Engineer: 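To start, I am sharing the structure in question, which I have written as structure tokens.
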Amino acid sequence: MISMNLRLELLRDQKMHHHPHQLPPYEAMGLYEQPKPRFIFKMPRVVPNQKSKYESDELFRRLSRESEVRYTGYRGRAIDERRMRFVTDCRKGYAELSFVPTGTNLQLYFNANHNPYAQEQECDFDKERGKVHLRSHFIMNGVCVRFRGWLDLERLDGVACLDFDEGRALQEDAQLAEQIESYNQRMADSKRMYTPPQEAMLRGPGPGPGPGPVPGAPMGW
């Protein structure tokens with residue numbers, strides 16, 4: 001009788017002081033969570049309505065008017081070296097400029113190769129003596145714009161503005177629409193495929209046809 005009581009006490013202590021890292025099966029099942037699908041949404045390059053922002057934004061309104069621009073590269077060098085550097089940079093296809101009224105700094109990239117079949121050269125030293133005319137397409141603050149202007153090769157300043165680039169804006173809008181449609185489709189597919197385990201546990205087993213009455217069996221009261 002004493003050995004039986006001792007065995008019962010040991011079994012009761014084991015149940016009350018189980019190892020903290022060994023969870024019972026019913027507790028372990030509740031802690032499991034099915035991994036959720038991960039999606040990487042690429043940041044859009046442009047805003048939804050580019051032309052509206054270009055026309056309403058104060059900075060774009062100021063930059064759309066022709067204003068003074070200056071070459072900002074190699075500021076600590078002598079003027080002769082800066083002139084040489086500016087011409088070299090332009091022939092390589094880039095230039096560091098700044099709109100003086102707004103203090104907007106730009107690093108332009110363009111095609112410096114001469115194309116006789118192009119209506120407008122992006123870098124043209126022959127259009128006007130002592131000047132270089134530049135064109136550059138880029139995206140600024142989510143809007144497709146085109147830099148258009150010229151700089152004096154001696155003073156390293158000139159006049160330029162930013163136009164709305166409607167052709168490239170249409171291309172970027174089409175890419176943005178495809179990107180959003182693809183993302184929405186993937187989200188819809190994931191919702192159909194993924195069911196949170198908490199909801200499945202709350203719903204329990206689905207309703208199914210239970211065992212019917214056995215013919216000839218007595219009805220229970």
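Count residues from 1 along the sequence. Please read these numbers as outputs of a predicted model, since none were measured by experiment.
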Engineer: Between the side chains of K92 and D89, is the shortest nitrogen-to-carboxylate-oxygen separation below 4.0 Å, so that they form an ion pair?
Structural biologist: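 Salt bridge flag = no for K92 with D89.
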
Engineer: Report whether Y94 and L97 are members of the same hydrophobic cluster (ILVMFWY, side-chain heavy atoms less than 4.5 Å apart, transitive linking).
Structural biologist: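 No: no chain of side-chain contacts under 4.5 Å links Y94 to L97.
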
Engineer: Would you check if the side chain of R61 reaches a backbone N or O of S56 as a donor-acceptor pair within less than 3.5 Å?
Structural biologist: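 Yes; judged by distance alone, with no hydrogens or angles, the pair exists.
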
Engineer: How long is the gap from NE2 on H137 to CG on L108, to the nearest 0.5 Å?
Structural biologist: 11.0 Å

Engineer: For D173, check side chain to side chain contact (heavy atoms under 4.5 Å, CB included) against everything at least two apart and list the hits.
Structural biologist: V46, Q50

Engineer: CZ/R65 to OG1/T102 distance, rounded to the nearest 0.5 angstrom?
Structural biologist: 10.5 Å

Engineer: Does a donor on one side chain and an acceptor on the other come within less than 3.5 Å for H133 and Q121?
Structural biologist: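 The answer is no; no qualifying pair exists.
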
Engineer: Any chance you could lay out the side-chain contact (heavy atoms from CB on, under 4.5 Å) test for E154 and I79, step after step, and finish with the verdict?
Structural biologist: CA-CA 9 Å; E154 290 292 326; I79 184 62; over 6 Å; no

Engineer: Atom CG of L63 and atom CG of L106: how far apart are they, to the nearest 0.5 Å?
Structural biologist: 7.5 Å

Engineer: Calculate, to the nearest 0.5 Å, the distance between atoms CG and CZ belonging to D57 and R62 respectively.
Structural biologist: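 Here the interatomic distance stands at 11.0 Å.
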
Engineer: Looking only at atom types and distance, does a side-chain atom of E68 sit under 3.5 Å from a main-chain N or O of V100, one as donor and one as acceptor?
Structural biologist: no

Engineer: Applying side-chain contact (heavy atoms from CB on, under 4.5 Å), run through V47 and N49 and close with a yes or a no.
Structural biologist: CA-CA 6 Å; V47 296; N49 195 339; 5.8 Å; no

Engineer: Would you say the side-chain atoms of T72 pair up with the backbone N or O of E96, donor to acceptor, closer than 3.5 Å?
Structural biologist: yes

Engineer: I'd like to know if the side chain of S136 reaches the main chain of F147, judged simply by a donor and an acceptor atom lying under 3.5 Å from each other, with no hydrogens or angles considered.
Structural biologist: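 Between the backbone of F147 and the side chain of S136 there is no qualifying donor-acceptor contact (under 3.5 Å).
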
Engineer: Are F110 and I139 grouped together when hydrophobic residues (ILVMFWY) are joined by side-chain heavy atoms under 4.5 angstrom apart?
Structural biologist: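 Cluster IDs for F110 and I139 differ.
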
Engineer: Taking all atoms of both residues into account, what is the closest heavy-atom pair of G103 and S98, and its distance?
Structural biologist: C-OG, 4.1 Å

Engineer: Between R82 and Y74, is NZ or CZ placed under 6.0 angstrom from the six-membered ring centre and within 45° of the ring axis?
Structural biologist: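 Negative - R82 is either too far from the ring of Y74 or too far off its axis.
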
Engineer: Taking all heavy atoms of K53 and all of V143, pick out the closest pair and write down the distance.
Structural biologist: CD-CG2, 3.9 Å

Engineer: Go through K127 and D124 one step at a time and tell me if the salt bridge (charged side-chain N to carboxylate O under 4.0 Å, His left out) criterion holds.
Structural biologist: CA-CA 6 Å; K127 185 174 182 178; D124 194 348; over 6 Å; no

Engineer: Check this for me: does any side-chain nitrogen of one of R85 and E81 sit under 4.0 Å from a carboxylate oxygen of the other?
Structural biologist: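 E81 and R85: salt-bridged.
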
Engineer: Mind checking the CZ-CD spacing from R148 to E122? Nearest 0.5 Å is all I need.
Structural biologist: 14.0 Å

Engineer: Measure the spacing between CD of E128 and CG of D152 and express it to the nearest 0.5 Å.
Structural biologist: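 Here the interatomic distance stands at 9.0 Å.
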
Engineer: Between V69 and V159, does the side-chain contact (heavy atoms from CB on, under 4.5 Å) criterion hold? Intermediate values first, please.
Structural biologist: CA-CA 6 Å; V69 291; V159 175; 5.8 Å; no

Engineer: Identify, with sequence neighbours excluded, every residue that meets ring-ring contact (aromatic ring centres under 6.0 Å, His included) alongside Y54.
Structural biologist: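 In terms of ring-ring contact (aromatic ring centres under 6.0 Å, His included), with neighbours along the sequence ignored, Y54 is linked to F60, F164.
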
Engineer: Quick check with a 6.0 Å cut-off and a 45 degree axis cone: is R91 positioned over the face of F125's six-membered ring?
Structural biologist: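 Because its charged atom sits under 6.0 Å from the ring centre and within 45° of the axis, R91 does stack over F125.
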
Engineer: If we only count heavy atoms from C-beta on, is the L59 to M140 side-chain gap below 4.5 Å?
Structural biologist: yes

Engineer: When clusters are formed by joining ILVMFWY residues with side-chain heavy atoms under 4.5 Å apart, either directly or through shared neighbours, do F99 and F138 land in the same one?
Structural biologist: yes

Engineer: Under a 4.5 Å side-chain heavy-atom rule over Ile, Leu, Val, Met, Phe, Trp and Tyr, are Y71 and M84 clustered together?
Structural biologist: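 No; M84 is not reachable from Y71 via cluster members.
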
Engineer: If you take all heavy atoms of S67 and P101, which pair is closest and at what distance?
Structural biologist: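 Looks like CB-CG, 3.7 Å.
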
Engineer: To which residues is L170 joined in a hydrophobic cluster, defined by side-chain heavy-atom contacts under 4.5 Å among Ile, Leu, Val, Met, Phe, Trp and Tyr, whether direct or through other members?
Structural biologist: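 Under the 4.5 Å side-chain rule, L170 groups with nothing.
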
Engineer: Take C123 and V132 through the side-chain contact (heavy atoms from CB on, under 4.5 Å) test and state the conclusion after the steps.
Structural biologist: CA-CA 7 Å; C123 180; V132 58; 4.0 Å; yes

Engineer: Look at the side-chain heavy atoms of Ile, Leu, Val, Met, Phe, Trp and Tyr, link any pair under 4.5 Å apart, and say whether L156 and L153 land in one connected group.
Structural biologist: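 Result: yes, single cluster for both.
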
Engineer: Check the pair D163, R146 against salt bridge (charged side-chain N to carboxylate O under 4.0 Å, His left out), reporting the backbone distance first and the verdict last.
Structural biologist: CA-CA 5 Å; D163 299 326; R146 178 179 58 249; 3.7 Å; yes

